Amino acid sequence: MKKSYDALIVGGGHNGLVCAAYLAARGWSVRILERRSLVGGAAVTEEFHPGFRNSTASYTVSLLHPKVIRDLRLSEHGLRVVERPYSNFLPLGDADYLKVGGGLAATQSEVARFSKRDAGRLPRYYAMLESVAAVLKDLLLETPPNVGGGIRDLFQALKVGKRFKALDMSVRRDVLDLFAKSAGDLLDQWFESDPIKACFGFDSVVGNFASPYMAGSGYVLLHHVFGEVNGKPGIWGHAIGGMGAITAAMAREAARRGVEITTDAAVASVLLRDAEAGSEATGVVLEDGREIHAKTVVSNLNPKLLFQTLVDPARLPDDFRRRIDAYKCASGTFRMNLALSELPRFACLPTQGNLPAPHHSSGIIMAPSLRYMEQAYFDARSSGWSKQPIVEMLIPSTVDDTLAPPGRHVASLFCQHVMPDLPGGRSWDEAREQVAEVMIDTVDGYAPNFKASVMARQIHTPLDLERKFGMVGGDIFHGALSLDQLFSARPVLGYGDYRTPIRRLYQCGSGTHPGGGVTGIPGHNAAREILRDGRG
Ligand SMILES: Cc1cc2nc3c(=O)[nH]c(=O)nc-3n(C[C@H](O)[C@H](O)[C@H](O)COP(=O)(O)OP(=O)(O)OC[C@H]3O[C@@H](n4cnc5c(N)ncnc54)[C@H](O)[C@@H]3O)c2cc1C
């Protein structure tokens, strides 16, 4: 008799691990099937050049929910997250820079060099952001009410509405601003100087192939500030050992709870049978032809990947299939990992020798204004990428000596605004090296020793992100964070509650509420809904 599981999780990304751990805690027999040779999905640490390791996709922590950290005992499993000395450093040509973070007073005195008025407005801006983020935080662990659902969904909708009604009118207006406006319009209302607007506005284009002046970018900005590091809200930090340290800790806890984790196990299709009310999932078929049976199947994959490749389309309602086909996946992201022989020396803030200064350990944003970011988007739309791209660089080896040999460093380049599908049918495989040069030259323009310091490079074009990590269209969030694809509408209105049109088939990945980022929240919420439905 072949073993049948209570639940199979397709994909061992961080959300799959979290979901599995919560199910196993309630006594379910659970098996994770992961296509790659390691679990973690887009939250992994890999050696990309002999002796040099880095977080090869996602690279910085803030959104990981404290409840998930606690429930999965991640600290007991060795997870340690350190704060950056400064949140951000923006070199502004050869002569000037802006440092943000290190306390309000420090940031205010930096910003005052550009505008005293902006410096004076900072406390109110931060307070506004915090109060709107609190509204979002309240919704994170909720299952969105399902439009067209039953009485439970109605109560859920009332609960959400009641919370909104309890807010002060000015907070309600701020919520509307951040959810509906462009980040550019919002920031222009608050501030007058370009550098501070660029610093805050950068969050609105991360993983969002859009101009910061496009409606909806305000929400993407908000999505990047709902997190915390070690209890300090809104900041980003570094996991010692890289992002893989998070998922290794999750995998340890899942295994401790009895979850079977199988790597090199690509799922080819979901097994379905006819049931009273349509189709029902009964297990999966692996690419090597093996069948594995379970009472419940949970997908950690991008919804497009699940419904376009693993589920027989004839089993899906026409309208649902059409909506999944139209589900927008395209974040315009280009990601590089570099082995460096020495630290970059920025012309605007010279350092001696190879010892890290605080700005080396911050998020280094090379995009001096919102207009620059907008132009990068326009360029990418017309010709595939911009010659003046948006680059954020992190050098995690300045705070973590487990990543590179002594005296050497690793850098993550997170570059925004390349076209997911290049114009003229050109392949990313052809353009990869040329675009990598543009990114390195961009950094070199600010730190003239940079290019010569690059010993090795790993390049992830949007196509590589899709092939290697399963990020459809290179979309880092498993689907754009646009208003039509959020909350009850993620991924499709009527299926915002982690369930699908197929009985006993659920979703637990970033294509469900509250979307992408290393949060653990979709996995947490999906497990709650699956447990609510019972073992079946
Ligand atoms: C380049 C990049 C940079 C990012 N930077 C950050 C950041 O700094 N901070 C942050 O918080 N977020 C960041 N993100 C977003 C975040 O990493 C993702 O939203 C999140 O990791 C997705 O987690 P997940 O568990 O939902 O899915 P995934 O991590 O995508 O996991 C899905 C898993 O399913 C597996 N799989 C796919 N197909 C199959 C199959 N047929 N059979 C079996 N297994 C399969 C995949 O291999 C993968 O392991 C970034 C993402 C990328 C790509």
Side-chain angles (χ1 to χ4, degrees), residues 12-18 34 36-65 68-69 72 74-85 87 206-207 227-230 235-254 261 263 333 335-340 343 356 360-364 392-415 454-460 464-465 468-471 476 510 516-520:
H14 84 283
N15 278 313
L17 292 164
V18 169
E34 166 56 44
R36 295 192 72 203
S37 303
L38 76 171
V39 291
V44 284
T45 306
E46 297 174 276
E47 188 175 64
F48 65 96
H49 181 67
F52 292 81
R53 299 161 67 239
N54 200 17
S55 310
T56 45
S58 68
Y59 59 98
T60 179
V61 204
S62 174
L63 310 179
L64 186 57
H65 201 281
V68 172
I69 297 178
L72 269 69
L74 299 185
S75 310
E76 285 93 317
H77 287 294
L79 178 64
R80 198 157 68 82
V81 180
V82 295
E83 294 160 38
R84 302 176 188 164
S87 297
V206 168
E228 60 179 64
V229 173
N230 302 327
I235 61 170
W236 289 79
H238 171 74
I240 297 296
M243 298 299 278
I246 299 173
T247 45
M250 288 172 170
R252 275 198 284 276
E253 180 60 14
I261 299 177
T263 54
T333 303
R335 176 78 175 81
M336 295 176 70
N337 294 296
L338 303 175
L340 303 180
L343 286 169
H360 284 123
S361 308
S362 66
I364 302 167
E392 184 190 29
M393 176 163 70
L394 252 76
I395 312 174
S397 48
T398 59
V399 293
D400 182 352
D401 61 11
T402 68
L403 301 176
R408 309 286 201 211
H409 287 281
V410 292
S412 303
L413 297 196
F414 196 39
C415 315
V454 176
M455 302 163 65
R457 62 195 197 184
Q458 180 188 50
I459 304 168
H460 289 142
D464 297 320
L465 292 175
K468 189 164 173 182
F469 297 102
M471 300 283 156
I476 70 166
S510 297
V518 180
T519 66

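Fair warning: this is a prediction, and the values are worked out from it, not measured in the lab.
- Rounding to the nearest 0.5 angstrom, the gap separating the CZ atom in R80 from the CG atom in D400 is 8.5 Å.
- Separating the CD1 atom in I364 from the CD1 atom in I395 is a distance of 4.5 Å, to the nearest 0.5 Å.
- Between M250 and V68 there is a side-chain heavy-atom pair separated by less than 4.5 Å.
- Nearest heavy-atom pair across I235 and S87 is CG2-OG, 4.4 Å.
- Of the candidates L72, T247, I246, I246 is the only one forming a side-chain contact (heavy atoms from CB on, under 4.5 Å) with L79.
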Would you check, one step at a time, whether the test side-chain contact (heavy atoms from CB on, under 4.5 Å) holds for L403 with H238? CA-CA 12 Å; L403 301 176; H238 171 74; 4.2 Å; yes
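- Between F469 and A57, the shortest heavy-atom contact is CZ-CB, 3.8 Å.
- Put simply, the side chain of N337 does not reach to within 4.5 Å of the side chain of Y59, judged on heavy atoms.
- The minimum heavy-atom distance between N15 and S510, with the atom names listed, is ND2-OG, 3.6 Å.
- Using a 4.5 Å heavy-atom threshold, the side chains of I240 and V81 count as separate.
- The CZ atom of R335 sits 9.0 Å away from the CG atom of L465 when rounded to the nearest 0.5 Å.
- Put simply, the side chain of R408 never gets that close to the backbone of A339: no donor and acceptor are under 3.5 Å apart.
- Side-chain contact between R36 and E46 is present, with at least one heavy-atom pair separated by less than 4.5 Å.
- For the pair M243/V61, a side-chain contact is recorded, criterion being any heavy-atom separation below 4.5 Å from C-beta on.
- In this structure, F414 and L394 have side chains that are not in contact, with every pair of non-hydrogen atoms separated by 4.5 Å or more.
- Between H409 and T398 the shortest side-chain heavy-atom distance falls below 4.5 Å.
- For the pair V410 and S397, the tightest heavy-atom approach, listed with the atom from each and the gap, is N-OG, 3.0 Å.
- Contact between V229 and S62 at its shortest, heavy atoms only, is CG2-CA, 4.4 Å.
- Judged by distance alone, the side chain of T45 and the main-chain N or O of G241 form a donor-acceptor pair under 3.5 Å.
- Taking all atoms of both residues into account, the shortest heavy-atom contact from S55 to S58 is CB-O, 3.0 Å.
- Although no hydrogens or angles enter the test, the distance criterion places a donor-acceptor pair under 3.5 Å between the side chain of T60 and the main chain of G237.
- Side-chain contact between R457 and L338 is present, with at least one heavy-atom pair separated by less than 4.5 Å.
- In this structure, CZ in F48 is found 5.5 Å from CG in N54, a value given to the nearest 0.5 Å.
- Distance check, rounded to the nearest 0.5 Å: CG of L340 to NE2 of H49 gives 11.0 Å.
- With values rounded to the nearest 0.5 angstrom, E34 atom CD is found 10.0 Å from I261 atom CD1.
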